[in-house]
Amino acid sequence: MVVKMIKVHGSGNDFYLLDQTQFPEPLTDAQLQQLAINICKREGAGLYEGADGVLVVDKSEHPSALGRMRVINADGTEASMCGNGLRTVARYLGTQNSQDAFRVQTMYADLKVQAVADFADHVPAFSVEISPVSFDAQTIGMHANHDAQTIINETIPELSTTLKFSAVSVPNPHLIAFVDHETLVGPELGRIGKWMNDGKNSIFPDGVNVSFVEVLGQNSIFVRTFERGVGFTNACGTAMSASSLMYVLLHQESTDFNQEIHVTNPGGMVKTIVHQGADEEYWMELIGNATFVKIVSLPLDSALAADYSQASVTVTGEQAAYANFVGSLTTA
Ligand SMILES: N[C@H](CCC[C@H](N)C(=O)O)C(=O)O
């Protein structure tokens, strides 16, 4: 049996998109885990250039949703949400069903998605809802500062005596610190990210996505992320959304809800809008590219055995357009 996947990315956060409806029976969770661990490996050990994870598309279990997305990290762990990935799944499902606005079932919510104007020629873009949001330590899986219920712009002395952190789930867990440029590009993010995802620490026993954020100007932030289950990535959509939420909540003097925030990252740029619903709940819009780089197919058994010798590929040409778009950002 052949498995067909699309190599996709959102702001350089890259994934293999796997539509399970191509199979007579869905793959087992063990097969999905093994497949992700195999094909995502970098430095030539995986399928082509590898990936940050696998986006598993299935039929939806909810009538209100057009399809379902699951997220398997490169280390085989399953995440509850993936903002960059959801934009590519939205494009995939929207194209398949000729729909521009619909909902996608994710682990904790059926999230709204919508096609928006291309970011540039051959750079399709989508807006996706990021929610539910929680600051509750138990929901986040955090045990810090004597089991504080919330940590919002506070030091966590075991981690750093100077940095101030905010912990929030959207719904995957994020730890965010606003830093100066030197700290943003320095070794601290890697030190804290590796430690909080070592599987042994008592502060985040289930791990956490760690981000440093530099405020570049009004409604302009740069987000660098060390991702749970992956490591450093070009971008992390849920991290950029959570960082935008903290930017609005902690910088009311220069921004507010419902304003478009320009978020840059090592992989490019997205836009976010932070909302507070009538029910006082926060939710974010994450607006960015949904690039399909190439179509890949290979025997499923080979992929599960990490044998890529029979893989075939068709390149879409969209990556060149995306690279031009990113190039235009730096000259802008
Ligand atoms: N890169 C994804 C997040 C993956 C989440 C995963 N790293 C975890 O929470 O375990 C994003 O664009 O939101």
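This one's a predicted model, so the numbers in the text were calculated from it and none came from an experiment. Both ligands and their constituent atoms are indexed starting at 1 by order of listing.
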In the protein, which heavy atom is nearest to atom 2 (C) of ligand 1, and how far is it? Cys82 SG, 3.4 Å
Using heavy atoms and a threshold below 4.0 Å, how should the contact between Asn172 and ligand 1 be classified: side chain, backbone, both, or neither? side chain
Checking side-chain polar atoms at under 3.5 Å, does Asp52 have a donor or acceptor matched by the opposite partner on Asn13? yes
Hey, which atoms in ligand 1 end up nearer than 4.0 Å to a heavy atom of Thr238? 3 (C), 11 (C), 12 (O), 13 (O)
Report, in ascending order of atom number, the atoms of ligand 1 lying under 4.0 Å from any heavy atom of Asn84. 11 (C), 12 (O)
Could you tell me whether Glu182 atom CD has more than 12 heavy atoms of other residues or ligands within 6.0 Å of it? no
For ligand 1, which atoms sit closer than 4.0 Å to a heavy atom of Ala79? 5 (C), 6 (C), 8 (C), 9 (O), 10 (O)
I'd like to check Tyr16 versus Leu55 (side-chain heavy atoms, cut-off strictly below 4.5 Å). Are they in contact? no
Return the closest protein heavy atom for atom 10 (O) of ligand 1 as residue, atom name and distance. Arg228 NE, 2.7 Å
Quick one: look up the protein heavy atom nearest atom 7 (N) of ligand 1 and list residue, atom name and how far away it is. Glu227 OE1, 2.7 Å
Got the closest protein heavy atom to atom 6 (C) of ligand 1, with its distance? Asn73 OD1, 3.2 Å
Using a 4.0 Å cutoff against the non-hydrogen atoms of Asn13, which atoms of ligand 1 qualify? 1 (N), 2 (C), 11 (C), 12 (O)
Nearest to atom 9 (O) of ligand 1, what protein heavy atom do you find, and at what distance? Asn209 ND2, 2.8 Å
Tell me: protein heavy atom nearest atom 12 (O) of ligand 1, and distance? Gly237 N, 2.6 Å
Are side-chain N/O atoms of Asn153 and Ser166 paired as donor and acceptor at under 3.5 Å? no
